[in-house]
Amino acid sequence: MRRSAIAVISLMCLAACGGSADPTATQGGPNAVINPLLPVVATSKGPLRLSTMDGTSVGEQAVGGNVAMVAAGSLLIVLDPLGGKLFAMGRDGKVTILAAVSPTARGLVASPDGTAWMWAETLPVDPVTPHTYATKLFVGGTTSAGHQVTIHLETDHWLVPVAWIARGVIAAHVPIPAPPVAAFPEALAGPTSLVDPATGKEGEAITSTACSFGAARADGAFLCIPRGGAPGRVRWVNANGTIKDFTLPTAADAGDLRFLSGGNGAVLATVPSLATAPYSYAAYRLDFSSGAATRYGTGVLRPIAVLSDGRIVATGPAATSGLAPVFVITADGTSSKMTDAYQVGPPIV
């Protein structure tokens, strides 16, 4: 059986350490993650290291700073804006440079079959408030080089890809300037809509500001966080359009949403209060059939990845250095620490 490989990078901590970051930086499907994992060189600018689950390094690549990462089949695709490049890393650690990118590149997502990926680059058009922003959408893949498909103009918003489903790319209209730092990046995403990856043409709305987008499956089912009304709720919109809301125990807000393998549940985090940071995150497993929310352990934890065997990867509270402990946790709550890290990419198999 092939061992899962994880990409690890020692970068400035994102949401797991209470920081503000692109809310869509690593959204790419059920296994997308935005937090630390596995052994790293503890510096603020990399390198990115690809390791097996037992911590064995299979390759490294220098990067310029914060990156976005997404799994595309057996490849890890990495968007390195400050390094000026988009590159792929295989399971053997081999690196292939795919395209040159600007420092404003963001929002990397991959198609469900892993053969294509999309990212965005943004720049202001109108120097007078309110700003008009131009978002260039690019598509590349295993059979084609990266190429621009459209330019999207919008006032006080960026268009950022957050997920790729069978019907197209889900993109968020991220408000600029960004709202104040939130406990969860989902709160910063703005409304979402469907975009045709071939033409860049925008289509139907997926979510509004009334429900912050969290995660999507290839079949179009998605999770979002309702805004207004009772706090600490999660909404599951199935591919057939049925809607089910779940209320989580003692939660002021929820986020870090990932679908479980098999699709009939999710993992997420909650916070009991939004009054002060650092927040006391708790990780939960949510069963869509029963509505039961089962907590993983009793400590401060944020889920950052779901493995194919049902285990999750989660981070604990960060140290003053920004490094956070990384744990692998089974469904019954048994955990084992793997390392301390800054940022991690999704599992590739």
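Residue numbers start at 1 and run along the sequence shown.
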For the student: nearest non-hydrogen atoms of [X] and [Y], plus distance:
X: T142; Y: G114; value: CG2-O, 4.2 Å
X: R285; Y: G310; value: NH1-O, 4.0 Å
X: G107; Y: P161; value: O-CB, 3.2 Å
X: G65; Y: D80; value: N-OD1, 4.0 Å
X: H173; Y: H157; value: O-CD2, 3.2 Å

Please check: side-chain N/O of [X] versus main-chain N/O of [Y], any donor-acceptor pairing under 3.5 Å?
X: D219; Y: A239; answer: no
X: T315; Y: A324; answer: no
X: D287; Y: S290; answer: yes
X: D156; Y: H131; answer: yes
X: H152; Y: A134; answer: no

query = side-chain contact (heavy atoms from CB on, under 4.5 Å) between N66 and L82: does it pass, once the steps are laid out?
reply = CA-CA 7 Å; N66 259 2; L82 296 182; 5.8 Å; no

inquiry  = Per the disulfide (SG to SG under 2.5 Å) rule, what does the pair list look like for residues 295-349, sequence neighbours excluded?
reply    = none

SB check [X] [Y] (cutoff 4.0 Å):
X: R106; Y: E121; value: no
X: K201; Y: D196; value: no
X: D253; Y: R227; value: yes
X: D92; Y: K94; value: no

task = Might you work through the side-chain contact (heavy atoms from CB on, under 4.5 Å) test for T135 and V160, ending with a clear yes or no?
result = CA-CA 8 Å; T135 298; V160 180; over 6 Å; no

request  = Determine whether I97 and L76 fall in the same hydrophobic cluster, where Ile, Leu, Val, Met, Phe, Trp and Tyr are linked whenever their side-chain heavy atoms lie under 4.5 Å apart.
outcome  = yes

task = Please work out whether the ring planes of F288 and F259 are parallel, tilted or perpendicular, with thresholds of 30° and 60°.
result = perpendicular

remark   = From the list T150, V169, V149, side chain to side chain contact (heavy atoms under 4.5 Å, CB included) with V139 holds only for V149

Listed partners of W119 passing ring-ring contact (aromatic ring centres under 6.0 Å, His included), at least two apart = F138

K85, NZ: over 12 other non-hydrogen atoms inside 6.0 angstrom = yes

message = Test question: given the 4.5 Å side-chain rule for I, L, V, M, F, W and Y, name all other residues clustered with L153, or answer none.
response = V125, I151

key: Stepwise side-chain contact (heavy atoms from CB on, under 4.5 Å) check, I170 with T207   = CA-CA 10 Å; I170 299 176; T207 61; over 6 Å; no

message = I want to know whether F184 and Y281 have ring centres closer than 6.0 Å.
response = yes

inquiry  = Quick one about E202 and S193 (side-chain donor to acceptor, distance below 3.5 Å, no hydrogens or angles considered), yes or no?
reply    = yes

